[in-house]
Structures are given as C-alpha cells and as structure tokens.
There are 2 protein chains.
Amino acid sequence: MSDLSVANSMRRPRAPRKPASPAPAPDATPSPAAPSGGAGLDTAYLETLLGYNARRAALSVIAVFLRRMEPFDLRPVDFSVLTLIAHNPGVTSRQLCAALDILPPNLVGMVKNLQKRGLIVRKPHPTDRRAQGLHLSAGGKRLQREAQSTATELEHDVSSALTPNELATLNALLRKVYQR
Amino acid sequence: MSDLSVANSMRRPRAPRKPASPAPAPDATPSPAAPSGGAGLDTAYLETLLGYNARRAALSVIAVFLRRMEPFDLRPVDFSVLTLIAHNPGVTSRQLCAALDILPPNLVGMVKNLQKRGLIVRKPHPTDRRAQGLHLSAGGKRLQREAQSTATELEHDVSSALTPNELATLNALLRKVYQR
DNA sequence: TATTGTTATACTCTATAACTATA
DNA sequence: TATAGTTATAGAGTATAACAATA
C-alpha cells in the first residue's frame, strides 16, 4: 500500500499558531495532568499508538529531508530510486516497484524525469528483451553520492534527542515492524 | 507538515508478484550478503535511514489499521479527530488542526462528514462567538469507544515481532523524535 | 498464459488564496 | 489588526484498467 514518496510540503508560510496560551479546554474533564499534544489538548491516547507515532516521526524526519535535499532537487522517492540503482546497477523498473512498493504506472514518470535530467540511463536487459536495466550516469553517481552523504548527516540532526544507541535501537525496532 | 490522514489503500487486487525467484541482479556487485529488501535487491543503506524506516513502519501499521477500521468506516484521520473530541469535549476545529497538523480547509469536510453521520455535534463556544465547540453524540461516543478498543487490540498484532517492552521502547523513542 | 513497461485516467490528499464574522 | 471557520481550487500522490511487446 502506498509508495515511499511524500506530500509536497516545504513551501507553506502558514499563519503562526498560538505558542503558549492555546485557549483552555472550554469543557468538562480537561484530563488531570494533560500532556501537551501541540495545542494543549489531551493527546495521551493517540500517543500510545504505534501507527500514530510512526507517522508523526516519519513526517517530522521527512520535513527535514525535504529541506536538505532541495539543492539536489530530489524528493524522498527520487533519492530512494537513485540509491537503489546505485547499489543495484542494472535493476529493472519492476524490481524497484517491488522494493519500494510503488505501482508501475507511478514509477514511469519518475524514471523518465531522472533520465531527462541525465542522472540515469537505460540499457537493454541482458536476458529479457521486455525489460531494461537501469544505471546511473557519471553525473547521476556524483549526485547520488552527495545526496547520500547529506542523508547520512541528516540522520544525526533528526535524532538529536536520541543517543546513538537509541537511534540504532529505534531503527532496528522499526525494521522489525515492517519486515515480514 | 502534512496531516495524519493516509492514502486510499485497501482496495487493490494488484497483480501477483514474484514471491521467491525475483530475477537475479543482472549486473555488477550484487552486494556480498545482500539483505533482501522485498525483491532481492540491496536495500541495506536505505534501511539505515530513520525517515525510510519510520515511513515503511507507519505504512505497514496503517495498512492493518485501515482493514480493521473498515467496519467503522473510519480513516486514521477520522479516528484521530473522534478520539481527540472524545478526550477533549468542546475542542475547537482550530485546536484539532494544531494538534494533528491538519490545515483548516482540509478539516472542514471531515467535520462536516462526521456531523452528517450523526457522530459529532457542534455547540456554540462559551466565550468566543467565532468558534464552535465540538462534542460527540451518544452514537459518536459508542463508535469511538469501539474503534478505540479495536485500535488498542491492533497494537498487539502489528507488533507481534516485538516484545511488550520493545513496543514501549519503540513508542517512546518515536515520540522523542517528533516532539520538539 | 503471464510479465514488463507504458498510457490514460480517476480519485484522494495536501496546499494556497481569499472571504465572513467576530475578537 | 488578528483569528475561527469556510469556500474554491490548484497541485501532488495513489490507484485501476488496458494495451503492445516479449517470455
């Protein structure tokens, strides 16, 4: 279900929100020691849910990713595609779709775009004439290398509230959740 | 950036994919002990990234959530809205937007829909005549209670690969990432 | 008969501008 | 002048059906 791309955030000068005094809960039972959920509301229950927490964390990290990748003009899904091609030269579109859970029709435009930018090249598949092997151009390799460095550096910043051990634990536990 | 809703998955009888023999990497350096990324590809690097792992895990959990919530006809964002209203009766739309990171124009339709279903009712705000307090109807309370039970049960299933302690750790670390 | 890559297209999600009523 | 709620709409993301070429 769904691919690994992400919404077009990163361009909204939205109206400022109340930072401190978020209008007291105007009704009954404001929850004893109400944990702040960003608006003074009781979000305690939602914060017990793995899906809720994983999505909030993902959006938070991806927001930083979007900013840092702007110089490369790469969305998360573009970076994933380039990176998989870099590490798996000759990979087919179909394999990328399976690995990233992208539907084939939705990958076509991305590959076409990356190709138009001169980052990837398609070569005939050695054994299957239906398929095409995807490879990085020299420029594609350079860009992917720089983007990967940026992504790796990013890792430290987005996890500044965590120790290195905690980050390693977090990643390991997340993989356990989706790898089945 | 972005709200907590989710794509319209849960209705795709997609074509079956190669389960075991996913066509060997047709080119150089297939990575020594290549960890399977779902298609026999080397996805090792992507799996070191918090954003990648968090998003994959979130999508995995949400896919289960979508199935289990079908009887209630509730998307994740609908469940979040109902739950916040349940725990914060009289909450305003604006507060929901801030807590869930939803843009006001995008909440309007959801609230309207939940109201049309007779799940929530709007009452005049006690002190601000611009605003409206949101409350659950009797039916809304019943549905939210059942849905919350379902969500809590779901928690065990989606984390079947984790011990209870690991799940608690995972949730705590995720909150640390996005709460800042 | 099944799969790869593709086009066309519908539908959902996310974002911006702008308006009104009230503060 | 600023905020709550709203409308309209643009743009990005996700999904399905169907086709030609090849296996």
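Each chain gets a letter, A, B and so on, in the order its sequence line appears, and its residues count up from 1. Side chains included, hydrogens not; waters and symmetry mates left out as well; all remaining heavy atoms used.
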### Query
Does any donor atom in the side chain of A:Gln132 or A:Ser93 lie under 3.5 Å from an acceptor atom in the other side chain?
no

### Task
In whole angstrom, give the distance that lies between atom CD1 of A:Ile62 and atom C1' of C:dT14.
14 Å

### Task
Check whether any side-chain N or O of A:Arg75 sits under 4.0 Å from OP1 or OP2 of D:dA12, and answer yes or no.
no

### Query
Looking only at heavy atoms, which two atoms of A:Ser60 and B:Val177 are closest? And how far apart?
OG-O, 3.8 Å

### Message
Tell me the interatomic distance from A:Leu59, atom CG, to C:dC13, atom P, rounded to whole angstroms.
### Response
14 Å

#### Entry: Spacing of A:Leu107 atom CG relative to D:dT14 atom C1', expressed in whole Å
13 Å

### Summary
Whole-Å distance, A:Asp101 CG to D:dA15 P, equals 8 Å

### Task
Check step by step if salt bridge (charged side-chain N to carboxylate O under 4.0 Å, His left out) holds for B:Arg56 and B:Glu47.
CA-CA 10 Å; B:Arg56 301 280 320 208; B:Glu47 288 173 15; over 6 Å; no

### Query
Atom CG of B:Leu96 to atom C1' of D:dA4: distance rounded to whole Å?
13 Å

### Selected nucleotide, minimal atom distance to B:Asn106 side chain, candidates D:dT6, C:dA15, C:dT7
C:dA15

### Query
Do side-chain atoms of B:Ser159 reach the backbone of B:Leu167 as a donor and acceptor pair under 3.5 angstrom?
no

### Query
If you check every side-chain atom of A:Thr92, which of D:dT14, C:dG5, D:dG5 has the closest atom?
C:dG5

### Rounded distance in Å - CD (A:Gln115) to P (C:dG5)
13 Å

### Message
Using OP1 and OP2 only, check whether a side-chain N or O of B:Gln95 sits under 4.0 Å from D:dA4.
### Response
no

### Task
Tell me whether the OP1 or OP2 atom of C:dT6 has a side-chain N or O from A:Arg122 closer than 4.0 Å.
yes

### Task
May I have the distance from B:Ile102 (atom CD1) to D:dG5 (atom P), rounded to whole angstrom?
13 Å

### Task
Look at the side chain of A:Val108 and decide which nucleotide, out of D:dT7, C:dT6, C:dT14, has an atom nearest to it.
C:dT6

### Task
Taking salt bridge (charged side-chain N to carboxylate O under 4.0 Å, His left out) as the test, write out the residues that go with A:Arg130, two or more places apart.
A:Asp128

### Message
I need the CD-P distance between A:Gln132 and D:dA21, as an integer number of Å.
### Response
14 Å

### Task
Specify the closest pair of heavy atoms between B:Ala147 and B:Phe72, including all atoms of both residues, with the distance to one decimal.
CA-CE1, 4.0 Å

### Message
One pair to check against salt bridge (charged side-chain N to carboxylate O under 4.0 Å, His left out): B:Glu153 and B:Arg68. What are the steps and the verdict?
### Response
CA-CA 10 Å; B:Glu153 291 168 19; B:Arg68 298 291 194 82; 5.0 Å; no

### Message
So if I define the base as every atom that isn't primed, P, OP1 or OP2, how would nucleotides 18-23 of chain C read as a B/S/- string at a heavy-atom cutoff under 4.0 Å?
### Response
---BBS

